[in-house]
Structures are given as structure tokens and as C-alpha cells.
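These notes are about the structure you will find just below.
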Amino acid sequence: MVDFSKVRAIDFHTHAEESCGCHADDGYDELQSTMAKYFGAPWQHPPTIPETAAHYREMNIAAVIFPVDAERETGYRRYNNYEVAEACAKESDILIPFASIDPHKGKLGAREALDLVKNHGIQGFKFHPTMQGFYPNDRMAYDLYEAIAETGKPALFHTGQTGVGSGMKGGNGMRLKYSNPMYMDDLAVDFPDMPIILAHPSFPWQEEALSVATHKPNVYIDLSGWSPKYFPPILVRYANTLLKKKMLFGSDWPMIAPEKWLNAFDKAEFKDEVRPLILKQNAMRLLGVSDET
């Protein structure tokens, strides 16, 4: 288990990739290399889970890490959740494993979710509506949400524009409409005890995300995917005030390295008393490893 008293921060948004790096035969290799160019990432193939753990151990930062199950919509093979859990168990001093299940799997996906939490150490779940091709408030997904709510674990949803498919022909089939954070308002009503994280500054729907997080007690925002130097002023203002206990540090590794994000964060206009909340304390509370309220 992570010794949260010793790490300097918790990165709530990192991606897991298989040991082979990418799958050239199904198009995943091209997708990843195009995204790397979009973000200015310095690698040809994404780092593996052990490589990710080594980097975060060196930085003394704990990391929430997850795959994305979008094989039905995209044709890209998923990184099996059980393999991710096994790999993360070997790096449990620094990694916090989340799973990803396509909600179209219905009751089968719900059973997998329950098993992953009960028997394999999974601490939460990741959704990417644009990649998975669904509206988050589609009742089709509710069997899976009910299972997640039963576990008490958080569900993290991509929101806003995505670098996935950006610049590729037709956006590589990615439809931005699915990731409007306002759809999450329905989930917050229907699953009030399930912690929900809106991932990323939600361009072009930033005010919708702030509205939902302000109105619904179980909704949080992670600040991944953008350098803090590009954050809109209204996001920083809410992080410093009304939502100071609901904002989470996230990098979007391996597209953005945590040290690069933190360097920009140091220069951004966040209040001194808010910084430790964003970097660590809010995440500890959300993960259930802090007694603070």
C-alpha cells in the first residue's frame, strides 16, 4: 500500500499501457504516436506500468492509473483489467489501480466490476464517453453504475475535448458531444453516494463542469490534460474558493509528465492554502485514506 504520509502528491489521472507498447495491427500505434505529437510527449511507444511506477517513485508522487476499455467502439484491443491489477499489485507502494469497463457490457461488466474490487484490489473506475461512444446518462450504463455504487469506489469520466484522434481524419471517429459534463448531473442525482470525478478542464464546457461540481456534493474535478498555465481564470477562481476541497491534481501521463504539470502549477495563481488540498489532501479524502471531512 502507498504510504500517503510520505508522498508529496497524488496524481489522479495516469494511463496504463501494455508491455508491448502499442498494437500497430489494429491502428492503436498510429493513434498513440499522433497523440504524442499533439501533446509534445518525448516517446515513440508509451511507458509500461513498471516504467510508470519507476518514474513516479523517483518523483515521490503516488499515481491513480487505469486502462481504457473502448474496443467495441474503436476496435483497439483493451488492456485487460485483471492484467492491470496484477501489474499494479507489484508496484503497490506507488500505484493506485482503477479499472475500465465498457458500459455496453451491461450485467457482465457489472459482475466484472464487483469481482475486481472484491478480489483484485481495484480502487475505482475510468470512463471515456468519447472513446467508448456513449452518453454518460444513457440508462444502458446503469447496471454498471449500480455495481460501482455498491462498492463505494469513485468513477472518473473524461469530459470536454480530447487529444484522442485530434488532427486525424474525421477525428478518428471520436465524437466530442458525448463528453459534455452536464450529462454527469443526471448520474449525480441517480447515484448520490457514488463519488464522480470530471476529468480535465472541460473545454468548451468549463462553466457546465463548475456548475455540476458546485451543485452536487459527490462531484469532483481533476485538473489533468492541460498545463495549469492554460487554465481559464474562472477555473482557478473556483479552485481557490467554492471548489477548493473538490479539485484534484492530475497530469494525464504519459502525454503530460507530472513534473511538467507541477512546474506550471507552481507559477499559476493558486492560493498557498489551496495548493496542498489540490495536490494531495482532496485525493486522500476521496480515496478513503483520510479522516478529514
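Hydrogens, waters and symmetry mates play no part in the numbers below; they use all other heavy atoms, side chains included.
Distance alone, capped at 3.5 Å, places no donor-acceptor pair between the Lys245 side chain and the Leu277 backbone. A donor-acceptor pair is defined here as one N or O able to donate and one able to accept, closer than 3.5 Å; such a pair exists between the side chain of Thr14 and the backbone of Val64. With hydrogens and angles ignored, the 3.5 Å screen pairs no side-chain donor or acceptor of Glu150 with any backbone N or O of Glu146. With hydrogens and angles ignored, the 3.5 Å screen pairs no side-chain donor or acceptor of Asp138 with any backbone N or O of His104. Side-chain atoms of Asp252 do not come within 3.5 Å of backbone N or O of Ser224 as any donor-acceptor pair. In terms of modelled atom types and a separation under 3.5 Å, the side chain of Lys153 and the main chain of Val117 share no donor-acceptor contact. Checking side-chain atoms of Asn81 against main-chain N and O of Ser100 turns up a donor-acceptor pair under 3.5 Å.
Across His200 and Ile221, no two heavy atoms sit closer than the pair O-CG2, 4.4 Å. When all heavy atoms of Leu144 and Ala113 are compared, the pair lying nearest together is CD1-CB, 3.8 Å. Nearest heavy-atom pair, Thr241 versus Lys271, reported as atom, atom and distance to 0.1 Å: CG2-NZ, 4.2 Å. Nearest heavy atom pair, residue Pro103 against residue Ala141, reads CB-CB, 3.6 Å. Closest approach of Asp11 to Pro258, counting heavy atoms only: OD2-CB, 4.0 Å. Closest non-hydrogen pair, Ala283 versus Leu248, comes out as N-CD2, 3.6 Å.
Residue pairs meeting the salt bridge (Lys or Arg N to Asp or Glu O under 4.0 Å) criterion with at least one partner in residues 49-69, sequence neighbours excluded, are Arg57-Glu91, Arg57-Asp93, Asp69-Arg78, Asp69-Lys105. Within the structure, the salt bridge (Lys or Arg N to Asp or Glu O under 4.0 Å) test picks out the following pairs touching residues 213-237 (sequence neighbours left out): Asp185-Lys216.
Checked against the 6.0 Å centroid threshold, Tyr142 and Phe191 count as a close aromatic pair.
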Please determine whether side-chain contact (heavy atoms from CB on, under 4.5 Å) holds for the pair Ile234 and Gln206, giving the CA-CA distance in whole Å, both sets of side-chain angles, and the decisive distance to 0.1 Å. CA-CA 8 Å; Ile234 192 171; Gln206 184 62 79; 4.2 Å; yes
Before giving the answer on side-chain contact (heavy atoms from CB on, under 4.5 Å), spell out for Met182 and Val212 the whole-Å C-alpha distance, their side-chain angles and the decisive distance to 0.1 Å. CA-CA 7 Å; Met182 188 52 71; Val212 175; 3.9 Å; yes
Tell me, with the steps shown, if Thr159 and Trp205 meet side-chain contact (heavy atoms from CB on, under 4.5 Å). CA-CA 9 Å; Thr159 65; Trp205 303 293; over 6 Å; no
Give the intermediate values and the outcome of side-chain contact (heavy atoms from CB on, under 4.5 Å) for residues Val7 and Ile94. CA-CA 9 Å; Val7 296; Ile94 206 72; 4.2 Å; yes
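The shortest distance between side-chain heavy atoms of Val289 and Val2 does not fall below 4.5 Å. Counting heavy atoms from C-beta outward, Ile49 and Ile65 have side chains that approach closer than 4.5 Å. At least one side-chain heavy atom of Ile197 sits less than 4.5 Å from a side-chain heavy atom of Leu286. Side-chain contact between Leu108 and Ile101 is absent, with no heavy atoms from C-beta onward closer than 4.5 Å. Trp226 has its side chain within reach of Pro232: a pair of non-hydrogen atoms, C-beta onward, lies under 4.5 Å apart. Between Met140 and Tyr135 there is no side-chain heavy-atom pair separated by less than 4.5 Å. The side-chain heavy atoms of Phe127 and His158, taken from C-beta on, include no pair separated by under 4.5 Å. The shortest distance between side-chain heavy atoms of Leu279 and Arg8 does not fall below 4.5 Å.
One distance of note links OG of Ser251 with CG of Leu262; it measures 8.5 Å at 0.5 Å rounding. The OG1 atom of Thr52 sits 11.0 Å away from the NE2 atom of His15 when rounded to the nearest 0.5 Å. Going from atom CZ of Phe203 over to atom CG of Leu235 covers 13.5 Å, rounded to the nearest 0.5 Å. To the nearest 0.5 Å, atom CD1 of residue Ile196 and atom CZ of residue Phe157 are 6.5 Å apart. Separation of atoms CG (Asp186) and CG (Asn137) is listed at 4.5 Å; rounding is to 0.5 Å. For the atom pair CZ of Phe249 and CD1 of Ile278, the computed distance is 11.0 Å after rounding to the nearest 0.5 Å.
For the residue pair Tyr220 / Asn282, no side-chain donor-acceptor distance below 3.5 Å is found, with atom types taken as modelled.
Residue Asp102 is tested with Gln132, Arg72, His128 for a side-chain hydrogen bond (donor to acceptor under 3.5 Å, both in side chains); the sole match is Arg72.
No single ILVMFWY cluster, assembled from side-chain heavy atoms under 4.5 Å apart, contains both Met194 and Val189. Connection of Met284 to Leu223 is established within a shared hydrophobic cluster, with ILVMFWY side chains joined at heavy-atom distances below 4.5 Å, either directly or through further cluster members.
Other residues, nucleotides and ligands contribute over 12 non-hydrogen atoms within 6.0 Å of the OH atom of Tyr82.
Ring geometry for Phe231 versus Phe270: interplanar angle over 60°, hence perpendicular rather than tilted (30 to 60°). Ring geometry for Trp261 against Phe265 counts as parallel: the plane angle stays under 30°, on a 0 to 90° scale with 60° as the upper cut. Taking the six-membered ring for Trp and thresholds of 30 and 60 degrees, Trp253 and His55 have nearly parallel ring planes, at less than 30 degrees apart. Below 30°, between 30° and 60°, or above 60°: for Phe98 and Phe12 the angle between ring planes is above 60°, a perpendicular geometry.
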